[in-house]
There are 2 protein chains.
Amino acid sequence: MKEGPDIAGIATLIGDPARANMLTALMSGKALTATELAAEAGVTAQTASGHLAKLSQGGLVQARKQGRHKYFALAHADVAATLEALMGLAAGQLRTRTGPRDAALREARVCYNHLAGRRGVQMFESLLAQEYLHEDGAVIRLTAAGDGFIREFGIDPDVMQSARAPLCRSCLDWSERRTHLAGSLGRAMLTRMEGLDWVRRDKDSRALLFDPDGVAAFDRVFHI
Amino acid sequence: MKEGPDIAGIATLIGDPARANMLTALMSGKALTATELAAEAGVTAQTASGHLAKLSQGGLVQARKQGRHKYFALAHADVAATLEALMGLAAGQLRTRTGPRDAALREARVCYNHLAGRRGVQMFESLLAQEYLHEDGAVIRLTAAGDGFIREFGIDPDVMQSARAPLCRSCLDWSERRTHLAGSLGRAMLTRMEGLDWVRRDKDSRALLFDPDGVAAFDRVFHI
DNA sequence: TAGATGCTTCGGTTATGATCGAACTATGAA
DNA sequence: TTCATAGTTCGATCATAACCGAAGCATCTA
């Protein structure tokens, strides 16, 4: 009867609204302090402290002390991917009270520091179509042409290779139900696009706001 | 603050131990009756009824009445994939009281009617290496050579094409942290291997038990 | 028809855990 | 040093929901 891992444990961990809000906030990829997360969840600092201890204990988030602040981030990219999967199930349900902000999130949003939503899927599929990326089993790798491409785009691939996180990873998009690019390359791509002023982050949500010129440039580079 | 879909809702749904046990039982892909699920969860029929109503309401399972029985199955392959992702997170935690049965599950198990575990990953990667399958973006398709292969293996591809479920799908394996084959082809492959007596299902768990001859044949066909 | 089985609804009990006020420690600023 | 801010621990309150007994409805068998 008791087969496999304790699935109910983590699901319970994610299932509390306050904790779910915290995790969702951390999906931006940014590390946040305990008080910031308390505000995000709409609870007092005491309550948040308890929640964060549980999330930490459960291996979903990782804490880092810095002076009198304590920063929290998602423990691993797998956590972000699982949260996206849960969002996919939730979005499948008619519980879609589609707000105006929701549309923006579907268009482009940040998912653990990389580009997600319609634009994220577009980029990923364009990179594959142009054979800058190649899927080899579950492994995605950069082709020789792709290496040249990202250099020209303004990213140094050698810097990233040294990082511990895998270069390329795929991540299932909850709104598109398709795959987008994650991993350190996904992160670098988004960072570079921010540097180019193609896109900027919304202050209050995970939405990414494209500049009109940015959209044009994006469509040119990542044509389908 | 309230961004995206209601993630806490489904997580709470999965988070109850009784419901989690039910869902895990349904990961076998078989439809089970309410009383069977009650036994699986270790609760009375009344309690199970309430749980199943909630799971149904939440879109995680689908009910089908047949005479005085009511059969339940996972609503969609996405649900199975999400559950596997959660298992991956749970397995990552040290909560690994690795029992003897656990080892069998890691070796080979059934995941929503298709082959998962070490053997599942082996099969998937072998099919890709032999170029019977091709990954094109997020889409996996059968190559011409693959079409010939599965015919020879004893599966009629035309029968499956008509099915509503996608032919090939990938599914992240919680124990291997890699991808294995799902979709109607994955299902057909497992069914065929059962027909060939290579493998049979354990009565009490999701484990798949390979016949010694079956292993040899499997390794021959799905070499790496 | 009567009896058995599968499933559901209702009501009451109980346990779990989320919440906050109050008091505490630790770090940084003045 | 003194004060303010960040975070934690403790204790008490309170709401939610899981659970089962009892009773009901529906379906199949004899």
Side-chain angles (χ1 to χ4, degrees), chain A residues 1-2 6-26 30-73 75 90 95, chain B residues 1-2 6-26 30-73 75 90 95:
Chain A
M1 196 185 301
K2 263 275 172 45
D6 175 29
I7 176 179
I10 351 144
T12 300
L13 222 44
I14 304 172
D16 177 77
R19 288 194 292 263
N21 282 337
M22 291 177 174
L23 291 169
T24 304
L26 290 174
K30 272 181 58 173
L32 299 173
T33 65
T35 21
E36 284 172 324
L37 287 167
E40 202 70 42
V43 294
T44 59
Q46 311 95 289
T47 307
S49 179
H51 284 312
L52 289 167
K54 289 183 183 177
L55 288 174
S56 206
Q57 177 72 22
L60 294 182
V61 305
Q62 227 168 6
R64 174 170 51 90
K65 264 192 95 166
Q66 190 165 313
R68 60 177 161 176
H69 295 279
K70 199 165 174 184
Y71 284 91
F72 291 89
R95 197 168 290 250
Chain B
M1 194 185 302
K2 264 275 169 49
D6 175 28
I7 173 179
I10 349 141
T12 300
L13 222 45
I14 304 173
D16 177 78
R19 287 192 294 261
N21 282 338
M22 291 176 174
L23 291 170
T24 304
L26 292 173
K30 273 181 57 173
L32 298 173
T33 66
T35 17
E36 285 172 324
L37 288 167
E40 201 70 43
V43 294
T44 59
Q46 313 92 292
T47 307
S49 178
H51 284 313
L52 289 167
K54 287 183 184 178
L55 288 174
S56 205
Q57 178 71 21
L60 294 182
V61 305
Q62 227 167 6
R64 173 169 53 89
K65 264 191 95 166
Q66 190 165 313
R68 60 180 161 178
H69 294 279
K70 200 167 176 183
Y71 283 92
F72 291 88
R95 197 169 290 250

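Just so it is clear, the model here is predicted, and its values are computed rather than measured. Note on naming: letters A, B, ... go to the chains in the order of the sequence lines (proteins, then strands), and numbering restarts at 1 for each one.
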Length of the CG-C1' vector between B:Leu13 and D:dA18, whole Å: 14 Å
Atom-to-atom span, CD of A:Gln46 to P of D:dT9 - whole angstrom: 12 Å
B:His69 NE2 - D:dT29 P separation (whole Å): 9 Å
Spacing of B:Leu37 atom CG relative to C:dC7 atom P, expressed in whole Å: 9 Å
Touch class at under 4.0 angstrom, heavy-atom based, for B:Ala45 against every strand present: base
Separation of atom CD in B:Gln66 from atom P in C:dC7, rounded to whole Å: 11 Å
From CG (B:Asn21) to NE2 (B:His51), nearest 0.5 Å: 10.0 Å
Closest to side chain of A:Thr35, choosing from D:dA18, C:dC20, D:dG7: D:dG7
Closest approach of A:Ala20 to B:Ala8 (non-hydrogen atoms, all atoms of both residues): CB-CB, 3.7 Å
Gap separating the NZ atom of B:Lys70 from the CG atom of B:Leu37, nearest 0.5 angstrom: 11.5 Å
Given C:dA18, C:dT8, D:dG7, the nucleotide with the shortest approach to the side chain of A:Lys54: C:dA18
Heavy-atom donor-acceptor pair, B:Arg19 side chain to B:Thr12 backbone, under 3.5 Å: yes
Distance in angstrom units between B:Leu55 CG and C:dC7 C1', rounded: 16 Å
Heavy-atom side-chain contact between B:Leu23 and B:Val61 under 4.5 Å: yes
A:Thr47 side chain, from C-beta outward: closest of C:dA18, C:dT19, D:dA18: C:dT19
Whole-Å gap separating P (C:dA15) and CG (B:Asp16): 17 Å
Whole angstrom value for the distance that separates P of C:dG17 from CG of A:Leu52: 18 Å
Options D:dG7, C:dA18, D:dT27, nucleotide nearest the side-chain atoms of A:His51: C:dA18
Candidates C:dT8, D:dT27, D:dC20 - which lies nearest the side chain of B:Lys70: C:dT8
Among D:dA6, C:dA18, C:dC7, the one nearest A:Arg68 by side-chain distance: D:dA6
